[in-house]
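Every number for a ligand or one of its atoms is a count from 1 in the order of the listing. The figures that follow rest on heavy atoms only: side chains count, while hydrogens, waters and symmetry mates do not.
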Amino acid sequence: MNICMIGTGYVGLVTGACFAGSGNNVACVDIDEEKIKSLSRGKVTFFEPGLEELVKENYDEGRLTFTTDLKSALDKSEIVFIAVGTPPKEDGSADLSYVRDVAQSIGKNMTDYKIIVTKSTVPVGTSEMIRDIISKQTDIDFDVASNPEFLKEGAAVEDFMKPDRVVIGVDKEKVGQKLRQLYEPFMRSYDRTQIVSIRSSELAKYASNAMLATRISFMNEIANLCERIGADVSDVRKAMGSDKRIGTAFLFPGVGYGGSCFPKDVKALIQTAEENGYKLKVCSAVDDANQDQREIFWQKISSYFDGDLTGKKIAVWGISFKPNTDDIREAPSLYIINKLLENGAEVSAHDPVASENAKKELGNSVEYAEHNYDACMQADALVIHTEWNQYRQPDFGKLKELLNAPVIFDGRNLYSPEKLKELGFEYFPFGRT
Ligand SMILES: NC(=O)c1ccc[n+]([C@@H]2O[C@H](COP(=O)([O-])OP(=O)(O)OC[C@H]3O[C@@H](n4cnc5c(N)ncnc54)[C@H](O)[C@@H]3O)[C@@H](O)[C@H]2O)c1
């Protein structure tokens, strides 16, 4: 099939490369000229395991092309995916200006029938809005569909290739069948496509993210309670997760969720409900609890130093919002690092891949260490934000030698409190004493 992918960020590029990988011709479009130049040289501008190889292979085979010229990409395609950003506005609702711009351009430039598919996460009613915008620009026949993306950054290619489900929202059966066909190569063991109404599809994405965020915030509150009553959250989690109705995934407590999806999607869902005269009380509490969790982590650090971090050097391990990505959008680390700096601390941070992005956000206010142990040299404490594999079993002897004081604040519960106590560390995880 001939596909046009508008927006070559985390979602658009992965989707485009994976569709090309199954034999389709995919023309990727972006307004960011630098990005398109870099992609045309086979260089991916962000870190995502396995993506660069996939992009290069399909680019070399001529199935994946990159351009800033929407019209030329549209001319070659029957199915057009919109995968641009939908960042949060001040009030928490989704900013649809990029989606609107794209819809306008499609309407102005299309010359024959297209299926316009929204892959971006968009509030209920957006596909109808896209239909209205395009209809005002052209009399040419077209259909709209919703196909939200459920991939996880850090495992995006794998998730796309082996999806748990593919949700397709349509109002015409023939459009659903066409899109089902496009996904067939990823459904070889059994068909996991779910063809539903456009509105159900749009809501399914938000509801899924809000559910996952709810599990995290719920578990964070249980961890906070564990600390107050002397229970161990890892034992509580195991007991809960053994119940098949609950399951073990997404029950790890920590400094809270971040990233480009959960925070904005929970807020946007709350906003959608409000616009429709309904209050989502659980989601509002989830959002509040997540904000509180960062502050709770900060208070642990601050109170250890009696509120005075002037002249203290703090080592930070992990800046990205989760491992295997360089994405720092809404990362809890940024909140904590800014608090440390505001309170007079010197910060020496390490992240295997996110330091370049962190520099854009934090500038030179932070020292960026080449190696995770370098960050700890003469630091008064180590603060962990991201559960990168390489932080899981460090050389504690070396750490103890490097740190001024053997103190670890662990936002991801990586270590055993008993073991660290034995080794002479003061260790502050979540929900374990
Ligand atoms: N990142 C994720 O893990 C993830 C997962 C599922 C869904 N989503 C959703 O997918 C959407 C895209 O997210 P992302 O993380 O890929 O965003 P991103 O910011 O990485 O990429 C968006 C891209 O769109 C481009 N763009 C903006 N306006 C354009 C226009 N008029 N024409 C062409 N290109 C344009 C930008 O230059 C950018 O390259 C969002 O709605 C997001 O919520 C993201």
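For Glu330 and Lys264, the salt-bridge test fails: no basic side-chain N is under 4.0 Å from an acidic carboxylate O. The residues Lys205 and Glu149 are annotated as not salt-bridged, no charged nitrogen and carboxylate oxygen being separated by less than 4.0 angstrom. Salt-bridge formation is not detected for the pair Arg192/Asp164: no Lys NZ or Arg NE/NH1/NH2 atom is positioned less than 4.0 Å from an Asp or Glu carboxylate oxygen. Between Asp327 and Lys322 no salt bridge is recorded (no basic side-chain N to carboxylate O distance below 4.0 Å). Salt-bridge formation is not detected for the pair Glu61/Lys56: no Lys NZ or Arg NE/NH1/NH2 atom is positioned less than 4.0 Å from an Asp or Glu carboxylate oxygen. A salt bridge does not link Asp95 to Lys89: none of the charged side-chain nitrogens sits closer than 4.0 Å to a carboxylate oxygen. Using a 4.0 Å cut-off between charged nitrogen and carboxylate oxygen, Arg245 and Asp243 count as a salt-bridge pair.
Nearest protein neighbour of atom 26 (N) of ligand 1, counting heavy atoms only, is Val84 CG1, 3.6 Å. Regarding atom 2 (C) of ligand 1, its nearest protein heavy-atom neighbour is Glu153 OE2, 3.3 Å. Atom 6 (C) of ligand 1 has as its closest protein heavy atom Glu149 O, 3.2 Å.
For ligand 1, none of its N or O atoms has an N or O atom of Asp32 under 3.5 Å away. In terms of N/O distances under 3.5 Å, ligand 1 is approached by Tyr10. In terms of polar-atom proximity, Lys119 is not counted as a contact of ligand 1, lacking any N or O under 3.5 Å from an N or O of the ligand. The shortest N or O to N or O distance between Asp30 and ligand 1 is below 3.5 Å. Polar contact check, Val11 against ligand 1: a nitrogen or oxygen pair lies under 3.5 Å apart.
At a heavy-atom cutoff of 4.0 Å, ligand 1 is contacted by the side chain of Val102 but not by its backbone. The side chain of Arg329, and not its backbone, has at least one atom closer than 4.0 Å to an atom of ligand 1 (non-hydrogen atoms only; side chain from C-beta on). Residue-level proximity to ligand 1 for Lys152 is absent, since no heavy atom of it falls below 4.0 angstrom. Within the 4.0 Å heavy-atom criterion, neither part of Ser105 lies near ligand 1. Both the backbone and the side chain of Ser120 come within 4.0 Å of ligand 1, judged by heavy-atom distances.
Close approach of ligand 1 to Lys264 is summarised as follows: ligand atoms under 4.0 Å from at least one heavy atom of the residue are 42 (C), 43 (O). Residue contact check: Tyr98 has heavy atoms under 4.0 Å from atoms 27 (C), 28 (N) of ligand 1. Close contacts of ligand 1 with Thr86, meaning ligand atoms under 4.0 Å from a residue heavy atom, involve 40 (C), 41 (O), 43 (O). Shown in contact with Lys205 at under 4.0 Å from a heavy atom are these atoms of ligand 1, numbered in order with element: 6 (C). For ligand 1 and Ile6, the ligand atoms under 4.0 Å from any heavy atom of the residue are 32 (N), 33 (C).
Of the N and O atoms on the side chains of Ser93 and Gln271, not one donor lies less than 3.5 Å from an acceptor on the other residue.
Using cut-offs of 30° and 60° for the angle between ring planes, the Trp317 and Tyr373 rings count as perpendicular.
Formation of a donor-acceptor pair under 3.5 Å by the Arg412 side chain with backbone atoms of His385 is found in this model.
Ring to ring, Tyr304 and Phe409 are close: their centroids are under 6.0 angstrom apart.
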